[in-house]
*Asks:* 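I'd like to ask you about the structure that follows.
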Amino acid sequence: MKRFNMRYILLISLVSALGGLLFGYDWVVIGGAKIFYEPFFGLEGLPAMRGWAMSCALVGCLAGALLAGMWSDRYGRKRMLLIASVLFTVSAVGVGAADGIAAFIIYRIIGGFGIGIASNVSPIYIAEVTPASIRGRFVSLNQLTIVLGILAAQIVNWAIARHFTVDGEALNALSLEWAWRWMFWVGAIPAIVFFVLSFVIPESPRWLALNGREERARRVFSRIGGEAYAEESLAEIALLKGESGERVSLGKIFHPSVRRVLVLGMVLAVFQQWCGINVIFNYAHEIFSAAGYAVSDVLMNIVVTGVTNVVFTFVAIYTVDRWGRRALMIVGSAALAVIYAILGTAYYFEVSGWAMLLLVVLAIAAYAMSLAPIVWVVLSEIFPARLRGAMMAFSTFCLWAASFLLTYTFPLLNEWLKASGTFWVYGGICLAGYLFIRKNLPETKGKSLEQIEKEITQ
């Protein structure tokens with residue numbers, strides 16, 4: 001049995017996964033900040049501007065996700081992680097210092113660009129530096145840092161809001177200004193740490209080998225698993241490199257030979273968002289208010305959901321290389337379909353209180369141990385080496401487009417169908433996802449990236 005340098009693998013994986021932590025923090029912090037910055041900027045009577053301020057980061061996400069794949073294939077994974085860390089830092093400082101809504105939006109878009117890059121490159125980097133037998137749990141570290149970032153944002157928002165409010169109302173004009181500024185400025189701390197540590201990690205050895213830098217790749221592989229592991233890995237990469245020929249263009253991701261795997265990645269990315277769980281984080285106030293909770297209880301309930309998210313991500317890390325990717329995805333999608341059916345029925349009959357919180361927590365638990373981390377694991381594994389960055393970029397672009405549609409349509413669905421009908425719709429989507437996964441998703445646990453490529457593109 002091969003012996004791997006686990007400390008080294010963990011170190012470089014965690015540094016890369018800091019992109020996930022900043023992704024999670026930046027994505028959720030605005031939910032707590034909006035009750036302060038909206039009156040500060042005078043947005044209360046401007047619903048279009050309120051929605052634009054909340055969702056403008058998605059423009060950056062879409063652009064970052066689409067460009068990161070091509071750039072990471074051309075310039076390397078490490079450089080893109082460095083760029084993401086700079087964008088996160090600039091965004092955190094800039095948003096917190098903004099004196100007008102235009103500057104606020106511009107810096108939010110810059111942060112969104114960082115999210116798009118990190119969500120694409122971090123899981124690819126971790127997949128390319130970890131051996132097959134432990135790859136699932138290490139790529140899941142990226143999702144763990146995402147949910148830790150979400151939880152950190154929820155706790156920071158809660159703590160700062162408590163300091164600057166009484167019974168949900170700002171103490172004074174200074175409270176309106178400084179509360180939201182500090183919520184964003186706190187995000188600069190991990191962003192600077194990410195920037196510094198990104199200089200420490202090596203470039204992806206698989207990217208190095210595919211780009212004619214075998215000696216550098218050999219040194220990284222040797223440090224990860226010894227000389228024999230390095231020789232074995234380089235031999236597999238050389239074989240694929242010889243079969244695949246020259247570097248392909250972006251248009252090649254739509255070639256019939258890889259179309260099936262592209263569709264698989266695209267559907268899984270969209271399903272991770274359209275399963276509906278993220279509306280619980282983006283619209284938690286509305287969801288818990290509809291369940292009968294007072295404003296004073298909502299922020300604490302949000303923290304409860306964040307803790308649940310973290311705990312069950314550890315379950316995914318423990319099981320992904322034991323149960324397998326396919327099994328966890330099937331269990332998670334089926335569980336969500338059932339929970340949403342019950343949740344929608346409970347809303348229909350106007351059930352309130354702790355029972356509704358329990359159903360929401362169960363839904364988050366099912367998502368956190370399955371779709372949330374495992375989709376990123378699968379996406380980092382299934383694409384051919386030469387096209388991995390470009391195909392990951394396309395799938396991540398689809399994920400963020402789906403996220404925008406989910407975020408945009410929830411208020412409309414909630415108005416037309418009420419909470420009950422909305423969650424029944426999400427339950428139907430989860431049932432469709434369950435059927436698709438059972439039919440189309442192969443098991444990838446325990447296989448090298450090169451083995452997966454040979455099997456899935458045949």
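This one's a predicted model, so the numbers in the text were calculated from it and none came from an experiment.
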*Asks:* For the residue pair Ala191 and Thr89, what are the closest heavy atoms and their distance?
*Replies:* CB-OG1, 3.3 Å
*Asks:* Taking the side chain from Trp376 and the backbone from Ser140, do they hold a donor-acceptor pair closer than 3.5 Å?
*Replies:* no
*Asks:* Quick one: closest heavy-atom pair of Trp27 and Ser403, and the distance?
*Replies:* CZ2-OG, 3.5 Å
*Asks:* Within the 4.5 Å heavy-atom criterion, are Phe312 and Ile364 side-chain neighbours or not?
*Replies:* no
*Asks:* Are the charged groups of Arg137 and Asp321 less than 4.0 angstrom apart, N to O?
*Replies:*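 Yes, charged N to carboxylate O under 4.0 Å.
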*Asks:* Which value, rounded to the nearest 0.5 Å, describes the distance between Arg50 atom CZ and Tyr37 atom OH?
*Replies:* 8.5 Å
*Asks:* Is there a ring pair (Phe, Tyr, Trp, His ring centres under 6.0 Å) between Phe271 and Phe436 once you walk through the steps?
*Replies:* CA-CA 10 Å; Phe271 178 46; Phe436 177 85; 8.5 Å; no
*Asks:* Just by distance, do the side chain of Gln272 and the backbone of Ala372 share a donor-acceptor pair under 3.5 Å?
*Replies:*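 Pair found, side chain donor or acceptor close to backbone of Ala372.
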*Asks:* Which heavy atom in Phe383 sits nearest to a heavy atom in Gly265, and how many Å separate them?
*Replies:*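 Closest approach of Phe383 to Gly265: CZ-CA, 4.0 Å.
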*Asks:* Can you name the closest pair of heavy atoms from Met80 and Ile117 and give their distance?
*Replies:* O-CG2, 3.5 Å
*Asks:* Drop me the distance from Leu359's CG to Thr345's OG1, to the nearest 0.5 angstrom.
*Replies:*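 Nearest 0.5 Å value for the CG-OG1 distance: 10.0 Å.
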*Asks:* Which donor-acceptor pairs under 3.5 Å do the side chains of residues 109-116 make with protein atoms, sequence neighbours left out?
*Replies:*
none

*Asks:* Within 45° of the axis and under 6.0 Å from the centre of the six-membered ring of Tyr318, does NZ or CZ of Arg322 qualify?
*Replies:* yes
*Asks:* For Arg181 and Phe40, what are the C-alpha separation, side-chain angles and deciding distance, and is it a side chain to side chain contact (heavy atoms under 4.5 Å, CB included)?
*Replies:* CA-CA 11 Å; Arg181 293 190 189 279; Phe40 178 81; 3.6 Å; yes
*Asks:* Should Arg326 and Thr444 count as side-chain neighbours, where that means a heavy-atom distance under 4.5 Å?
*Replies:*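 No, side chains not in contact.
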*Asks:* For the residue pair Val95 and Trp185, establish whether any side-chain heavy-atom pair is separated by less than 4.5 Å.
*Replies:* no
*Asks:* Any non-hydrogen side-chain atom of Leu328 less than 4.5 Å from a side-chain atom of Leu371?
*Replies:* no
*Asks:* Say whether Ser119 and Trp400, considering side chains only, have a donor N or O and an acceptor N or O under 3.5 Å apart.
*Replies:*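 Yes, because at least one side-chain N or O of Ser119 sits under 3.5 Å from a partner of the opposite role on Trp400.
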*Asks:* Report yes if the side chains of Val220 and Ile224 come closer than 4.5 Å at any heavy-atom pair, otherwise no.
*Replies:* yes
*Asks:* Please list every donor-acceptor pair under 3.5 Å in which a side-chain atom of residues 6-23 meets a protein atom from a residue at least two apart or in another chain.
*Replies:*
residue, atom, partner, partner atom, Å
Ser13, OG, Ile9, O, 2.8
Ser16, OG, Ser122, O, 3.4

*Asks:* State the CG-CD1 distance between Asn120 and Ile124, to the nearest 0.5 angstrom.
*Replies:* 4.5 Å
*Asks:* For Gly136, is there any backbone N or O sitting under 3.5 Å from a side-chain donor or acceptor partner on Lys445?
*Replies:*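 Absent.
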*Asks:* Which pair of non-hydrogen atoms, one from Val90 and one from Tyr107, has the smallest distance, and what is that distance?
*Replies:*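 So the minimum-distance heavy-atom pair works out to O-CD2, 3.8 Å.
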*Asks:* Just by modelled atom types, is the Met183 backbone N or O under 3.5 Å from a matching donor or acceptor in the Asn157 side chain?
*Replies:*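 No, Asn157 side chain to Met183 backbone: no donor-acceptor pair under 3.5 Å.
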*Asks:* So, do Thr313 and Met369 sit near enough that their side-chain heavy atoms are less than 4.5 Å apart?
*Replies:* no
*Asks:* Is a donor on one side and an acceptor on the other found under 3.5 Å between the side chain of Ser420 and the backbone of Tyr347?
*Replies:*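 Between the backbone of Tyr347 and the side chain of Ser420 there is no qualifying donor-acceptor contact (under 3.5 Å).
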*Asks:* Side chains of residues 125-135: which donor-acceptor partners sit under 3.5 Å, not counting sequence neighbours?
*Replies:*
residue, atom, partner, partner atom, Å
Tyr125, OH, Pro202, O, 2.7
Glu128, OE1, Arg77, NE, 3.1
Glu128, OE1, Ser204, OG, 2.6
Glu128, OE2, Arg77, NH2, 2.8
Glu128, OE2, Arg388, NH1, 3.0
Thr130, OG1, Ile126, O, 2.7
Arg135, NE, Glu381, OE2, 2.9
Arg135, NH1, Lys447, O, 3.0
Arg135, NH2, Glu381, OE2, 3.1
Arg135, NH2, Lys447, O, 2.6

*Asks:* Return the NZ to CD distance between Lys418 and Glu350, rounded to the nearest 0.5 Å.
*Replies:* 11.0 Å
*Asks:* Test side chain to side chain contact (heavy atoms under 4.5 Å, CB included) on Tyr426 and Ile277 and set out the steps.
*Replies:* CA-CA 9 Å; Tyr426 295 149; Ile277 206 74; over 6 Å; no
*Asks:* If I compare all heavy atoms of Ala53 with all of Ile101, which pair ends up nearest, and what's the gap?
*Replies:* CB-CD1, 4.4 Å
*Asks:* For this output row, return yes or no: ring centroids of Phe36 and Trp182 closer than 6.0 angstrom.
*Replies:*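 So the answer is no for these two rings.
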*Asks:* Return yes if some donor-acceptor pair links the side-chain N/O of Ser333 with the main-chain N/O of Met329 below 3.5 Å, else return no.
*Replies:* yes
*Asks:* Kindly indicate whether the side chain of Leu387, heavy atoms from C-beta on, has any atom under 4.5 Å from the side chain of Leu262.
*Replies:* no
*Asks:* So Val59 and Leu62, side chain to side chain contact (heavy atoms under 4.5 Å, CB included) or not? Walk me through it.
*Replies:* CA-CA 5 Å; Val59 174; Leu62 291 170; 5.9 Å; no
*Asks:* Is it the case that the side chain of Ser395 and the backbone of Met392 share a donor-acceptor pair, with hydrogens and angles ignored and the cut-off at 3.5 Å?
*Replies:*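 No: the side chain of Ser395 does not pair with the backbone of Met392.
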*Asks:* Of Val378, Ile437, Ile330, Ile382, which is the lone residue that meets side-chain contact (heavy atoms from CB on, under 4.5 Å) with Arg325?
*Replies:*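 For Arg325, the side-chain contact (heavy atoms from CB on, under 4.5 Å) check succeeds only for Val378.
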*Asks:* Does the side chain of Cys275 reach to within under 4.5 Å of the side chain of Tyr367, using non-hydrogen atoms?
*Replies:*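 Yes, at least one pair of side-chain atoms sits under 4.5 Å.
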*Asks:* What's the spacing between Leu208 CG and Phe221 CZ if we round to 0.5 Å?
*Replies:*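 Separation between the atoms: 8.5 Å.
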*Asks:* Measuring from atom CZ of Arg108 to atom SG of Cys61, what distance do you get when rounded to the nearest 0.5 angstrom?
*Replies:*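 So the gap between those two atoms works out to 8.5 Å.
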*Asks:* Quick one: do Val267 and Leu264 satisfy side chain to side chain contact (heavy atoms under 4.5 Å, CB included)? Show the steps, please.
*Replies:* CA-CA 5 Å; Val267 172; Leu264 176 61; over 6 Å; no
*Asks:* Please tell me whether Tyr340 and Trp424 form a close aromatic pair, meaning their ring centres lie under 6.0 Å apart.
*Replies:*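 No, the ring centres sit 6.0 Å or more apart.
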*Asks:* When you look at Phe41 and Trp180, which way does the ring pair (Phe, Tyr, Trp, His ring centres under 6.0 Å) test go after all the steps?
*Replies:* CA-CA 11 Å; Phe41 289 123; Trp180 66 267; 5.4 Å; yes
